[in-house]
**Q** 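Quick one: structure below, then a few questions.
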Amino acid sequence: MPSLRDLQQGFADAVFGPQDVAPGFSVVAPAKGAERIAIYRTAVFANYRNALSATYPVVKRLTGAPFFHAAVDAFVRAHPSTSGDLNVYGGSFGDFLVAYAPAAELPYLPDVARLEWAIDEAQRAPDRVRVPEAVLAALTAVPGESLPELRFALDTSCRFVASAYPILRIWQVNQPDHVGDDRVMLDDGADTLLVRRDPRGIALERLAAGDFAWLAALANSAPLGAAIDAAQSADANFDLGIALRTHIAAGTIAAVATD
Amino acid sequence: MNTHLRLPVVAGIGLRAPHIAQVLAERPPVAWFEVHSENYYADGGPALAALDRIRADYPLSLHGVGMSLGSTDPLDATHLSKLERLVARVEPAAVSEHLCWSGIGGRHLNDLLPLPYTEEALDHVCSRVTQVQDALRRELLVENVSSYLAFADATIPEWEFVAAVATRTGCKLLCDVNNIYVNAVNHGFDADAYLAALPGAAIAEVHLAGFDASGPCLVDTHGAPVAPDVWALYARAIARFGPRPTLIEWDTDIPAFAVLEREAATAQSIMETRDAIAA
């Protein structure tokens with residue numbers, strides 16, 4: 001008799017295998033083996049289509065359901081789920097779409113997917129109490145010569161998405177409650193976006209190139225000095241004072257790192 | 001927070017995302033709710049905040065769909081620790097999972113896949129139920145699942161397998177009457193004999209849902225009203241075991257909340273009819 005492990009491996013191989021092929025293990029009513037595995041195959045792929053439809057509604061709207069479902073099916077085969085929690089599946093869908101040939105005519109699609117994943121992650125991030133006054137007080141207490149080595153903790157919901165396409169406008173005009181002009185000019189320019197969750201919900205903010213480079217570096221645990229260098233090479237007019245005040249007040253910068 | 005150590009012995013409703021805003025706004029007179037545990041595994045955010053508000057006013061059951069109890073892969077420590085965290089947060093009246101497996105070799109299929117009913121599988125799944133119960137320091141309710149094929153190597157009837165899991169581990173059973181009906185039709189056994197083989201005292205909850213009959217066998221879609229034959233089987237289960245906390249589940253093509261309330265009312269009336277006869 002095959003082991004439990006062999007039976008489970010055989011079952012999974014059959015579900016991800018071709019249609020109309022009998023499973024590689026013995027079933028009661030062998031003539032119906034392929035047909036019954038097909039029921040599981042349909043259910044499994046439907047679960048992933050539903051889950052990713054909830055995570056990527058704008059990608060689905062841009063491509064239409066048949067295209068989207070085919071893309072999800074291909075993604076599932078290339079990047080299998082590794083968790084029993086479907087809510088955390090699909091984070092690399094945007095990266096997958098870059099090389100997904102049928103999507104080549106929609107070059108902005110991978111970045112729209114990355115934006116939707118950033119929103120999804122921000123929705124699931126830890127709840128935090130905002131204390132901008134405490135951040136300011138901690139910053140004031142740091143001696144000037146230590147500032148370049150200072151690190152900040154950003155709000156845990158912060159995500160950064162950059163695109164060569166106007167993905168914020170694409171996202172906005174594809175919301176179910178959008179009214180009015182829904183045209184998007186693809187050469188309207190690049191977007192550098194901050195996604196985060198504040199007490200009112202998800203906030204999408206277009207940042208200046210310098211602010212984006214600065215915050216993204218801080219999010220990556222860069223010290224303040226290196227983050228300023230990154231900001232200034234992105235935008236010679238980067239103003240550290242304004243950036244600090246703005247993003248401490250907004251809660252983007254949640255704390256002065258203490259380690 | 002009010003405390004509910006046991007589910008009330010009445011009908012409740014499976015609460016899904018499309019109805020949460022309505023429930024929070026209207027506070028309908030539902031006796032208890034059940035949610036899918038994994039939908040609240042997040043570290044924070046609006047879904048978890050909504051669950052806290054629901055839990056403040058209703059008894060709550062956590063129903064897992066992703067623990068993969070029967071898999072020969074190691075138990076997912078992260079998954080289990082998130083369940084522990086959620087249990088500590090909402091102090092549910094019940095915690096349940098499925099008698100199935102969902103992944104192998106690190107690849108998850110995120111579906112409720114059937115076990116071969118063998119001594120090896122029984123030993124394995126019992127040790128896993130015990131691991132989960134030990135980690136949670138509480139009883140787990142284990143649910144029988146629908147299946148669309150049967151392994152030729154199975155040596156134990158499904159009902160004996162289910163009963164043995166409860167007897168050996170001390171877990172409770174979540175008796176899904178629709179799944180028993182679906183499997184009785186798909187595999188050609190007697191649903192009443194299945195019920196008769198279950199240890200009634202271990203049955204802590206009952207599930208009811210609708211199936212799809214348009215394919216080559218019955219498929220447990222949770223996308224339709226409870227079928228007349230399943231209501232009849234449910235009435236016989238209640239007559240046999242007595243009233244049990246009974247949940248209406250609906251997961252695909254989710255209808256208006258009022259439809260779920262009507263289904264729950266039907267289950268409630270069946271339990272009360274049985275009480276009237278018993279009195």
Side-chain angles (χ1 to χ4, degrees), chain A residues 1-16 23 25-30 32-48 50-51 54 76 79-89 120-128 156-157 197 199 201-202, chain B residues 17 36-49 64-68 70-73 76 78-79 82 101-116 118 120-121 123-125 147-155 186-188 215-217 219-221 251-252:
Chain A
M1 188 192 297
S3 68
L4 177 59
R5 189 161 186 83
D6 287 344
L7 286 172
Q8 290 177 337
Q9 192 61 60
F11 196 107
D13 290 346
V15 167
F16 287 111
F25 55 90
S26 301
V27 299
V28 176
K32 294 177 179 167
E35 163 199 292
R36 300 306 171 89
I37 285 291
I39 294 172
Y40 284 103
R41 183 181 299 120
T42 300
V44 164
F45 280 91
N47 286 344
Y48 292 120
N50 290 338
V76 167
H79 301 274
S81 168
T82 57
S83 168
D85 178 5
L86 257 185
N87 296 287
V88 298
Y89 179 63
D120 195 79
E121 282 197 319
Q123 285 286 28
R124 292 184 274 113
D127 299 307
R128 286 281 182 270
T156 51
S157 73
R197 195 178 81 232
I202 291 292
Chain B
H36 285 171
S37 313
E38 288 82 1
N39 289 345
Y40 302 93
Y41 273 17
D43 295 323
L48 208 44
V65 298
M67 189 66 76
S68 198
S71 171
T72 50
D73 277 0
D76 182 338
T78 302
H79 201 88
K82 287 184 176 179
W101 64 283
S102 303
I104 183 73
R107 177 169 70 179
H108 239 275
L109 285 79
N110 299 97
D111 198 14
L112 309 175
L113 306 175
L115 283 167
T118 62
E120 183 197 5
D123 288 345
H124 180 67
V125 79
S147 61
Y148 315 125
L149 61 74
F151 295 87
D153 291 306
T155 54
N186 288 350
H187 307 305
C217 69
V219 177
D220 179 37
T221 53
D251 289 290
T252 57

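Chain naming here is simple, since letters A, B, ... match the order of the sequence lines and numbering starts at 1 in each. Just the heavy atoms: all of them, side chains too, but no hydrogens, waters or symmetry mates, feed the values below.
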**Q** Answer yes or no: is there a side-chain heavy-atom contact under 4.5 Å between A:F11 and B:L113?
**A**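 Result yes, sub-4.5 Å side-chain heavy-atom pair found.
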**Q** Could you look at A:D13 and say if it's the side chain, the backbone, both or neither that has a heavy atom under 4.5 Å from chain B?
**A**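 Contact with chain B involves both backbone and side-chain atoms of A:D13.
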**Q** Which value, rounded to the nearest 0.5 Å, describes the distance between A:R41 atom CZ and B:D111 atom CG?
**A**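 It comes to 13.0 Å.
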**Q** Between B:T155 and chain A, with a heavy-atom cut-off of 4.5 Å, which part of the residue counts as in contact: side chain, backbone, both or neither?
**A**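 Only the side chain of B:T155 comes within 4.5 Å of chain A.
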**Q** Can you say whether A:Y48 sits under 4.5 Å from chain B via the side chain, the backbone, both, or neither, judging by heavy atoms?
**A**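 For A:Y48, side-chain heavy atoms alone lie under 4.5 Å from chain B.
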**Q** Please classify the contact of A:V15 with chain B as side chain, backbone, both or neither, using a heavy-atom distance under 4.5 Å.
**A**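 The side chain, not the backbone.
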**Q** Would you mind telling me which of A:N50, A:V88, A:I37, A:V28 has the largest number of heavy-atom pairs within less than 4.5 Å of chain B?
**A**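 Of the options given, most contacts go to A:V28.
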**Q** If you measure from NE2 on B:H108 to OG1 on A:T82, what distance do you get to the nearest 0.5 Å?
**A**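 That separation rounds to 8.0 Å.
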**Q** Report which part of A:A125 has an atom under 4.5 Å of a heavy atom belonging to chain B: side chain, backbone, both, or neither.
**A**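 Only the backbone of A:A125 comes within 4.5 Å of chain B.
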**Q** Relative to chain A, which segment of B:S71 carries a heavy atom at a distance below 4.5 Å: side chain, backbone, both, or neither?
**A**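 Interface part for B:S71: both.
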**Q** With respect to chain A, which residue among B:G64, B:P216, B:A17 yields the maximal number of heavy-atom pairs within a distance under 4.5 Å?
**A**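 The answer is B:P216.
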**Q** In terms of heavy-atom pairs under 4.5 Å, which option from B:S37, B:A47, B:P46 contacts chain A the most?
**A**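 Ranked by heavy-atom pairs under 4.5 Å with chain A, first place is B:P46.
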**Q** Report which part of B:T118 has an atom under 4.5 Å of a heavy atom belonging to chain A: side chain, backbone, both, or neither.
**A**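 For B:T118, the side chain is the part near chain A, not the backbone.
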**Q** So which part of A:S3 gets closer than 4.5 Å to some heavy atom of chain B, the side chain, the backbone, both or neither?
**A**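 For A:S3, the contact with chain B is made by backbone and side chain together.
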**Q** Where on A:D85 is there a heavy atom nearer than 4.5 Å to chain B: the side chain, the backbone, both, or neither?
**A**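 Its backbone and side chain both get close to chain B.
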**Q** If you count heavy-atom pairs within less than 4.5 Å of chain B, which of A:T156, A:N47, A:V27 leads?
**A**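 Highest number of pairs under 4.5 Å: A:V27.
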**Q** Looking at CH2 of B:W101 and CG of A:L7, how far apart are the two atoms once the value is rounded to the nearest 0.5 Å?
**A**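 Between B:W101 CH2 and A:L7 CG, I get 9.0 Å after rounding to 0.5 Å.
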**Q** Does any backbone or side-chain atom of A:Q123 lie under 4.5 Å from a heavy atom of chain B? Answer side chain, backbone, both or neither.
**A**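 Both parts, backbone and side chain.
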**Q** Got a second to check how far B:D73's CG is from A:Q8's CD, nearest 0.5 Å?
**A**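 Between atom CG of B:D73 and atom CD of A:Q8 there are 8.0 Å.
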**Q** What part of B:H124 gets closer than 4.5 Å to chain A, counting heavy atoms only: side chain, backbone, both or neither?
**A**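 Side chain only.
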**Q** Using non-hydrogen atoms and a 4.5 Å limit, figure out which bit of A:R5 sits close to chain B: side chain, backbone, both or neither.
**A**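 When you check distances to chain B, atoms from both the backbone and side chain of A:R5 fall under 4.5 Å.
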**Q** How long is the straight-line distance from CG of A:L4 back to CG of B:D153, given to the nearest 0.5 Å?
**A**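 These two atoms lie 11.0 Å from each other.
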**Q** If you count heavy-atom pairs under 4.5 Å with chain A, which of B:G70, B:P114, B:A154 comes out on top?
**A**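 Counting heavy-atom pairs under 4.5 Å, the top option is B:P114.
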**Q** When you check the gap from the basic side-chain N to the acidic O, do A:R128 and B:D43 get nearer than 4.0 Å?
**A**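 Between B:D43 and A:R128 there is no salt bridge, as every charged N stays at least 4.0 Å from the carboxylate O atoms.
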**Q** If you look at every heavy atom in A:R36 and B:L149, which pair is closest and at what distance?
**A**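 Closest approach of A:R36 to B:L149, heavy atoms only: CB-CB, 3.9 Å.
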**Q** Indicate the atoms forming the closest heavy-atom contact of A:D127 with B:G44, along with that distance.
**A**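 So the minimum-distance heavy-atom pair works out to OD2-CA, 3.4 Å.
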**Q** Side chain from CB out, backbone as N, CA, C, O: work out which of these in B:L112 comes under 4.5 Å of a heavy atom of chain A, or both, or neither.
**A**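 B:L112 touches chain A through backbone heavy atoms alone.
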**Q** Looking at A:N87 and B:E38, would you say the former's side chain and the latter's main chain have a donor-acceptor pair under 3.5 Å?
**A**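 Yes, A:N87 side chain to B:E38 backbone: donor-acceptor pair under 3.5 Å.
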**Q** Could you tell me which portion of A:I39 (side chain, backbone, both or neither) has an atom closer than 4.5 angstrom to a non-hydrogen atom of chain B?
**A**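 Answer is side chain: those atoms of A:I39 sit under 4.5 Å from chain B.
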**Q** Please determine whether side-chain contact (heavy atoms from CB on, under 4.5 Å) holds for the pair A:F16 and B:R107, giving the CA-CA distance in whole Å, both sets of side-chain angles, and the decisive distance to 0.1 Å.
**A** CA-CA 11 Å; A:F16 287 111; B:R107 177 169 70 179; 3.2 Å; yes
**Q** What are the two closest heavy atoms between B:N110 and A:S83, and how far apart are they?
**A**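 Closest approach of B:N110 to A:S83, heavy atoms only: ND2-O, 2.9 Å.
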**Q** Working to the nearest 0.5 Å, report the span between OH of A:Y40 and CG of B:L109.
**A**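 Answer for the OH-CG pair, A:Y40 versus B:L109, is 11.5 Å.
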